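Before any comments, here is the structure.
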Amino acid sequence: MKPRTVNKIATSLIVFFALLIVAILVGLLGYILFRGLSHISWDFLFSAPQKIRAGGGIGPQLFNSLFLLVLTLIITVPLGLGAGIYMAEYARPGKITGFIRLIVEVLSSFPSIVVGLFGLLLIVNYFNLGFSLISGALALTVFNLPLMVRITEQAFRSVPKQQKEAGFALGLSKWKIVTSVLFPVALPTIITGTILSAGRVFGEAAALMFTAGMSSPRLDFTNWNPLSPNSPLNPFRPAETLAVHIWKVNSEGIAPDAAQIAAGASAVLVIMVLIFNLAARYFGRFIYRKLTASKRMN
Amino acid sequence: MKLKNSRIEKHHIEDFVGRTYMSFCVLLLITIIVSMVYFVASKGISTFTSGDVSVTDFLFGTKWSPEADTPSFGAFPFITGSFLVTLLAALIASPLSLCAALFMTEIVPGWGKKLLQPVIELLAGIPSVVYGFIGLSVIVPFLRNNLPGQGIGVAAGALVLSVMILPTITSVAADALASLPQNLKESSYALGATRWQTISRVIIPTTFPAIMTGIVLGMARAFGEALAVQMVIGNAPFVPKSLFESASTLTSVITLGMGNTTMGSAHNNALWSMALVLMLMTFVFVFFVRLLERRNKI
Amino acid sequence: MGTSATAVRESFQTEDLSIFYGTYEAVKGISLPFAENTVTALIGPSGCGKSTFLRSLNRMNDEISGSTTKGSIWIDGVDINASGTDVIKLRQKIGMVWQKPNPFYKSIYDNIAFGPKYHGVKGKKALDEIVESSLRKAALWDEVKDRLKDSALALSGGQQQRLCIARALSVNPQILLLDEPASALDPVSTGKVEELIKELKEELRIVIVTHNMQQAARISDYTAYFYLGSLVEYDKTDKVFTNPENQMTQEYIMGRFG
């Protein structure tokens, strides 16, 4: 065959497979939304699930997922920032830095089920926190921390180094430079990354089955006392999340409308992930403009 | 001018606070990983130290009947299952991902990237339970209707996983292709080579280690993925004789068994040994990634 | 050669200053005085160590791992290169401006007010005054006084560079180090920056690295010619440019003129 013919065939194949991937995504999203949207209603979003009868909702699960996400971010973000800043600005190249880098890499490659087991062993049993929101949040912290460290490190590394020099030449302390000069510049990237990682946390199930648990007590949404056992805010109560609920309904659901519930819940989960993706883009740009007080990007 | 470093100045306090905060974060990170490795490893080897099972019986035994009167804990079917779905998924996903990466960087660098970048990000963002749900409600029925077997099984697991690892491989490969020096390609075109000749003889050989890195990272994700696979693979504790037969992976057995066994029982310990295998495989994957990255630098 | 380690020390001078990157000696035992109210130009081909030398004067080289500085830098009888120097306080006294303008990603006002605020200036009125006087000194006030809240990044390259000079002046330095401050600017902006340098030397000492011989001749009082990390010639600028002692200096200057 002539090289030109081969070239044409190869190019067509590449284009075909690339477009196939686009088609897969469109098909996935289309299918989920098509199957799920018809089942989504206010009642579905806010009412409690039913075990045997049809018509159960996902209210507590949705709340648990969001609450757990907030708890996780409250713990992860400061820790990730600290370690990430260290890696980007303070760590001198050498054995110790190399070791920490390896740790971050290994930790981020751990299967989430292993993270969940670790949580079960250490947090749930050893620290005796039981199946609870706080156990789940700590497990998700282990799961999310390496990503947060990497996001922070990259964000700080992408700040022009002349910014740091300018700070030094003004007689600022290094920490002041980091917090007041570099951080504002890095923040848009950090926020974008954090929101994207939030999407990942929101959809995580394997790390939560054995930490946050697979059940949710009957919640009283008028009781906002965090110490009361049926209060939604109580961090020591078990909390099945939306993603875990989808898994449970699919594997052992016996309600007659289990398939529809799974479809509806999946659609909600995917819509949330879409929102996180769009928000990441939007907020990154918005904050950048705000903090640099610039009317145009450059 | 007083320039001696004797008095405690504001900037000393700032730098001290900053360093303390960062050290805390880094030490916590190290503590997490060290305790994780320690706990999973010590729990995982208890199967062997308690004398219930020997390492060879565990790794190569084909009979898994943990609750029988004379229980046997052969994990070989699950180890095989894990490797089988991982390799198949990589086999399906790698060419597709490479095409996507070439499409983004070589065929239509402008809008190709604009189109595929968000597609890849969204595919990466879809939670694994949603992939499991789709697998269960689309892929499994499709396989059942068109091919031998019940639909559930190794093929379904591999297909679901291949979509899940597409984004990992694609983004690593696309980064590698994009960072290729322009003159390398130009000199090939200047010699009269077609695009496909340039791609196959210059671009792919040069970026091969990086592409392999992406594939290994994808395989690490596939190997550790729990719920999506568990939902579609059928969970039969046998070495599958065909791709359309029900099987199990390490992760699926852990997922199903961990909640139904008591801590410290032989059955439970065997599950921890599987978690240990998962962890060791993570180390192996990270090792290969490092090896490839080193080759990539040269 | 000019004055090497003399008995009477200038209030600002280096003595036998060497800078190493690992084992590579980038600057070799240089002794240079910087007299009050003068501009000293450091010239020489690329890689001759003049920028490295400049960066060592406010110990910015400390921030590069693997770099070590030997010898002394005397300021008012204190060797600031000795260990135990409070580098942070030192840098407050020595301002620096680079080739590429590097304003903070903040408003014009905050770029100037940031340093003084950190060093303890309180009250809006005091800060307003510093901002105005610094911007006036940098000949930028009239151009930006109506949009102080705008981002500094929205300014033109020349304006950004003058903003960086104003920022350096905001903390009242005694010495100003300029690393090719005009090489990235258009001719009009360059002219403005040169004017500025001539005015500023009334208040402080200026050390400037430049590749532009005409510029060195126009604005400096003393010139030091560096080659391969060594100081080849140092004298009054007139002398160096009209009647250099060293053949190499002459060739470099002529080459550049031609």
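These numbers come from the heavy atoms of this one structure, side chains and all, not from hydrogens, waters or symmetry mates. Just so it is clear, the model here is predicted, and its values are computed rather than measured. Order of the sequence lines sets the chain letters (A, B, ...), proteins ahead of strands, with each chain counted from 1.
- For A/V273, the part lying under 4.5 angstrom from a heavy atom of chain B is the side chain only.
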Take B/V286 and A/L102 through the test side chain to side chain contact (heavy atoms under 4.5 Å, CB included) and record every step on the way to the result. CA-CA 9 Å; B/V286 171; A/L102 180 68; 4.1 Å; yes

Could you pull out every donor-acceptor pair under 3.5 Å between side chains of residues 225-232 of chain B and any protein atom, sequence neighbours left out?
residue, atom, partner, partner atom, Å
B/E225, OE2, B/S128, OG, 3.3
B/E225, OE2, B/L227, N, 3.3
B/E225, OE2, B/A228, N, 3.2
B/Q230, OE1, A/W247, NE1, 2.7

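- Of all residues in residues 255-264 of chain B, those placing a non-hydrogen atom less than 4.5 angstrom from a non-hydrogen atom of chain A are B/T255, B/L256, B/M258, B/G259, B/M263.
- B/T282 and A/S109 make their closest contact through CG2-O, 3.6 Å (heavy atoms, listed as atom of the first residue, atom of the second, distance).
- Only the side chain of B/L166 comes within less than 4.5 Å of a heavy atom of chain A; its backbone N, CA, C and O stay farther away.
- Contact record, B/C99 with A/I14: O-CG2, 3.4 Å, taken as the closest heavy-atom pair.
- Using a 30° and 60° split on the angle between ring planes, A/Y31 and B/F133 fall in the tilted class, from 30° to 60°.
- Contacts of A/I103 with chain B are made by both backbone and side-chain atoms, with heavy-atom separations under 4.5 Å.
- Proximity to chain A among residues 100-114 of chain B is limited to B/A100, B/L102, B/F103, B/I107, judged by heavy-atom separations below 4.5 angstrom.
- Note: A/P78 leads A/S251, A/P78, A/G27, A/G80 in heavy-atom pairs under 4.5 Å with chain B.
- The contact between A/A259 and chain B is made entirely by backbone atoms, counting heavy-atom distances below 4.5 Å.
- Heavy-atom distances place no part of A/I9 under 4.5 Å from chain B, backbone and side chain included.
- To the nearest 0.5 Å, atom CG of residue A/L19 and atom CG of residue B/L115 are 7.0 Å apart.
- We find the CG-NZ distance between A/L117 and B/K43 to be 10.5 Å, quoted to the nearest 0.5 Å.
- Neither the backbone nor the side chain of A/V26 comes within contact range of chain B, judged by heavy atoms closer than 4.5 Å.
- Comparing B/P118, B/C25, B/G224, B/A124 by heavy-atom pairs within less than 4.5 Å of chain A, the highest count is held by B/C25.
- Between chain A and the options B/V138, B/V289, B/L278, B/V119, heavy-atom pairs under 4.5 Å are most frequent for B/V119.
- Taking each heavy atom of B/D15 and A/W175 in turn, the nearest pair found is OD1-N, 2.9 Å.
- Atom CD1 of residue B/I120 and atom CG of residue A/L25 lie 8.5 Å apart, to the nearest 0.5 angstrom.
- Counting heavy-atom pairs closer than 4.5 Å to chain A, the top-ranked of the candidates B/L98, B/V26, B/I199, B/L27 is B/V26.
- Put simply, of B/V37, B/L116, B/L28, B/I134, the one with the most heavy-atom pairs under 4.5 Å next to chain A is B/I134.
- With a threshold of 4.5 angstrom between heavy atoms, A/V15 approaches chain B through its backbone and through its side chain.
- Going from atom CG of A/L107 over to atom CD1 of B/I30 covers 11.5 Å, rounded to the nearest 0.5 Å.
- Rounded to the nearest 0.5 Å, atoms CH2 (B/W196) and OG1 (A/T5) are 14.5 Å apart.
- Interface remark: A/I100 contributes side-chain atoms only to the contact with chain B (heavy atom separation under 4.5 Å).
- For the set A/I85, A/L20, A/V6, A/L28, the entry with the most heavy-atom pairs within less than 4.5 Å of chain B is A/L28.
- Looking at A/E105 and B/R290, a side-chain N of the basic residue comes within less than 4.0 Å of a carboxylate O on the acidic one, giving a salt bridge.
- Evaluation of the side chain to side chain contact (heavy atoms under 4.5 Å, CB included) rule for B/F39 yields A/F118, A/L121, A/L122, B/S35 as partners, not counting sequence neighbours.
- Listed options B/L122, B/L136, B/I126, B/T251 were ranked by heavy-atom pairs under 4.5 angstrom with chain A; first place goes to B/L122.
- The choice from A/F17, A/Y86, A/F110 that makes the most heavy-atom pairs within less than 4.5 Å of chain B is A/F110.
- In this structure, the portion of A/L145 lying under 4.5 Å from any heavy atom of chain B is its side chain and not its backbone.
- Side-chain atoms of A/Y90 do not come within 3.5 Å of backbone N or O of B/M22 as any donor-acceptor pair.
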Does B/L123 form a side chain to side chain contact (heavy atoms under 4.5 Å, CB included) with A/I21? I'd like the steps, not just the answer. CA-CA 9 Å; B/L123 278 178; A/I21 293 178; 3.9 Å; yes

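- Interatomic distance, CD1 of A/I113 versus CG of B/L250, reported as 11.0 Å (0.5 Å rounding).
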